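It should be emphasised that the depicted structure is a prediction, and the values quoted were computed from it without experimental measurement. Quick note on labels: first sequence line is chain A, next is B, and so on, each numbered from 1.
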2 protein chains.
Amino acid sequence: MDPSVSAATVGRLPAYLRAAIDLSASGLASVSSERLSEEAAVHPATMRRDLASLDIAGTRGVGYDVKYLIVQISHVLGLNQEWPVVIMGSGNLGKALANYGGFSERGFPVAALVDIDAELVGTTIGGVLVHAPPDLAELVDRENIMVGVITTPPGVAQEAADLLVSNGIRSILNFTPTALETPADVTVRSVDIATELQILSFYRQRGLAADVGTGVPLEP
Amino acid sequence: MDPSVSAATVGRLPAYLRAAIDLSASGLASVSSERLSEEAAVHPATMRRDLASLDIAGTRGVGYDVKYLIVQISHVLGLNQEWPVVIMGSGNLGKALANYGGFSERGFPVAALVDIDAELVGTTIGGVLVHAPPDLAELVDRENIMVGVITTPPGVAQEAADLLVSNGIRSILNFTPTALETPADVTVRSVDIATELQILSFYRQRGLAADVGTGVPLEP
DNA sequence: CAGTGTGAATTTCTTCACAGCG
DNA sequence: CGCTGTGAAGAAATTCACACTG
């Protein structure tokens, strides 16, 4: 019914999907929003509204069909196709991600690594070949790369982003603390470990969990 | 003035801090909210309100003193002390994080790794010694560990969390896709790479950036 | 009759717009 | 004069609560 999906809703979909997969694995065929939302740590009404906004319907008096949930949410997230990924920068993090099975397993195969270090170019990390930056154009084309992951040093992150963008990549996952400048039609998600740790220390310092209501008292 | 800080505000503080540090590095002594908020990709009024809620004041007609901003935000985030970290699980990601300089550099020294693999216990990764799980109690005590980072396989993430909690750790950074159950006074931040990629593919599928207003049209 | 789907109420967060201060 | 600090307005998101349906 509702023709649009809010960013907040999108942010929760992966959690719903995981919850549904978990419940399915434990043999459940049908769930109430109560049960599923508990699993996903969300308010039941929020979950029902989210699913309704995606036209994912349950059965009144019964709940949601777990298999159907998985299929529908996967579809909305675009997980019925593969999204090949290129990792820019083969430092510690880049290497770890290339070795990390989780990517391909979840539909995001690591198609290539790119690094400026001539020593590394041509070597293989976690079964993935390291290429030189100028090769990117061809790679994107040949491997049908959809997503760029930036794990370079912060100083050259913008450069890496520019290179991705100029080669037609419009989805970027940025692991550096750099705020990237990109055209409006490029989606960037940033994951900064320092940011996460700093937020943790804010709450820790006050002896409070992060989800205590909405307001956190300040020291006098 | 305002005695409380909202979660939304806390989430933006690290970005303000980074922006201030960057501007300071380029020699700027004073910034307007206009300039700083641009750097942090936030609305100027939002930034002024955030800072005001922390009692961080600027000078009317001038702006904010950059050095003062850095000191104050750092203080609010608790960055004037060190927060030693223990990494649970020395698989690919755990190893990468141990090797990753960024932690210690930013006040979160990696004090120890913990792994169940007896082969790994006693070895050193990135200068950090790997310990057996039963050693955690002593480690927490001796190294004054404040934060637990979980990089185990998803199946044992809850176990790792339980171990952390039972040893008094109340801040957890979880890199697994598992939704952890913890007492109410424990703060958990989760970073799941698959979640981020799935959100990217949602928007990519629709040819839209993530920040286009608030509602995203659904396919017909 | 259990549990969805959703108007309406509420809460939270953002942005406007301007008074007021340095 | 320029820019902060903030009341007031506005927009979004969440939650309540219940009519309604399988």
**Student:** For A:Arg12, which contact category applies under a 4.0 Å heavy-atom criterion: base, sugar-phosphate, or nothing?
**Tutor:** sugar-phosphate
**Student:** Determine: side-chain N/O of A:Ser32 to OP1/OP2 of C:dG3, distance under 4.0 Å, yes or no.
**Tutor:** no
**Student:** Rounding to a whole Å, what distance do you find between B:Leu54:CG and D:dT6:P?
**Tutor:** 13 Å
**Student:** Below the 4.0 Å mark, does D:dT4 have OP1 or OP2 next to a side-chain nitrogen or oxygen of B:Ser33?
**Tutor:** yes
**Student:** From CG of B:Asp65 over to C1' of D:dC3, roughly how many Å is that when rounded to an integer?
**Tutor:** 15 Å
**Student:** To the closest 0.5 Å, what do you measure between CD1 (B:Ile199) and CG (A:Leu77)?
**Tutor:** 8.5 Å
**Student:** For residues 144-157 of chain A, which side-chain N or O atoms pair as donor and acceptor with protein atoms under 3.5 Å away, sequence neighbours left out?
**Tutor:**
{"from": "A:Thr151", "atom 1": "OG1", "to": "A:Met88", "atom 2": "O", "distance (Å)": "3.1"}
{"from": "A:Thr151", "atom 1": "OG1", "to": "A:Gly89", "atom 2": "O", "distance (Å)": "2.6"}

**Student:** Could you state the interatomic distance from CZ (B:Phe103) to CG (B:Leu97), rounded to the nearest 0.5 Å?
**Tutor:** 4.5 Å
**Student:** To the nearest 0.5 angstrom, please state how far the OG atom of B:Ser6 sits from the CG atom of B:Asp50.
**Tutor:** 6.5 Å
**Student:** Quick one: salt bridge (charged side-chain N to carboxylate O under 4.0 Å, His left out) partners of B:Arg48, sequence neighbours excluded?
**Tutor:** none
**Student:** Listing request: all side chain to side chain donor-acceptor pair (under 3.5 Å) pairs with a residue in residues 84-108 of chain A, at least two apart in sequence or in separate chains.
**Tutor:** A:Ser90-A:Asp115
**Student:** Output the rounded distance in Å from CD (A:Glu34) to C1' (C:dC1).
**Tutor:** 16 Å
**Student:** Please report, rounded to the nearest Å, how far the P atom of D:dT15 is from the CE atom of A:Met47.
**Tutor:** 14 Å
**Student:** Which residues pass the salt bridge (charged side-chain N to carboxylate O under 4.0 Å, His left out) test with A:Arg35, not counting sequence neighbours?
**Tutor:** A:Glu39
**Student:** Rounded to the nearest Å, what distance is computed from the CG atom of residue B:Leu51 to the P atom of nucleotide D:dC3?
**Tutor:** 16 Å
**Student:** Which whole-number value in Å describes the distance from B:Tyr68 OH to D:dT4 C1'?
**Tutor:** 13 Å
**Student:** Atom CG of A:Leu13 to atom C1' of D:dA13: distance rounded to whole Å?
**Tutor:** 15 Å
**Student:** Please tabulate the protein-to-nucleotide N/O contacts below 3.5 Å involving nucleotides 17-21 of chain C, giving atom names and distances.
**Tutor:**
{"from": "C:dA17", "atom 1": "N6", "to": "B:Arg48", "atom 2": "NH2", "distance (Å)": "3.2"}

**Student:** Phosphate oxygens OP1/OP2 of C:dG22: is one of them under 4.0 Å from a side-chain N or O of B:Thr59?
**Tutor:** no
**Student:** For nucleotides 7-9 of chain D, list the nitrogen or oxygen atoms of the protein found under 3.5 Å from its nitrogen or oxygen atoms, one pair per line.
**Tutor:**
{"from": "D:dG7", "atom 1": "N7", "to": "B:Arg49", "atom 2": "NH2", "distance (Å)": "3.3"}
{"from": "D:dG7", "atom 1": "O6", "to": "B:Arg49", "atom 2": "NH2", "distance (Å)": "2.5"}
{"from": "D:dA8", "atom 1": "N6", "to": "B:Arg49", "atom 2": "NH2", "distance (Å)": "3.2"}

**Student:** OP1 or OP2 of D:dG5 sitting under 4.0 Å from any side-chain N/O of B:Tyr64?
**Tutor:** yes
**Student:** Hey, is the side chain of A:His43 poking within less than 4.0 Å of OP1 or OP2 on D:dA13, counting only N and O atoms?
**Tutor:** no
**Student:** Return yes if a side-chain donor-acceptor contact under 3.5 Å exists between B:Ser190 and B:Asp192, otherwise no.
**Tutor:** no
**Student:** Answer yes or no for A:Arg206 and A:Phe202: cation-pi contact, defined as NZ/CZ to six-membered ring centre under 6.0 Å and angle to ring axis within 45°.
**Tutor:** yes
**Student:** Would you mind reading off the distance between A:Asp50 atom CG and C:dG5 atom C1', rounded to a whole angstrom?
**Tutor:** 13 Å
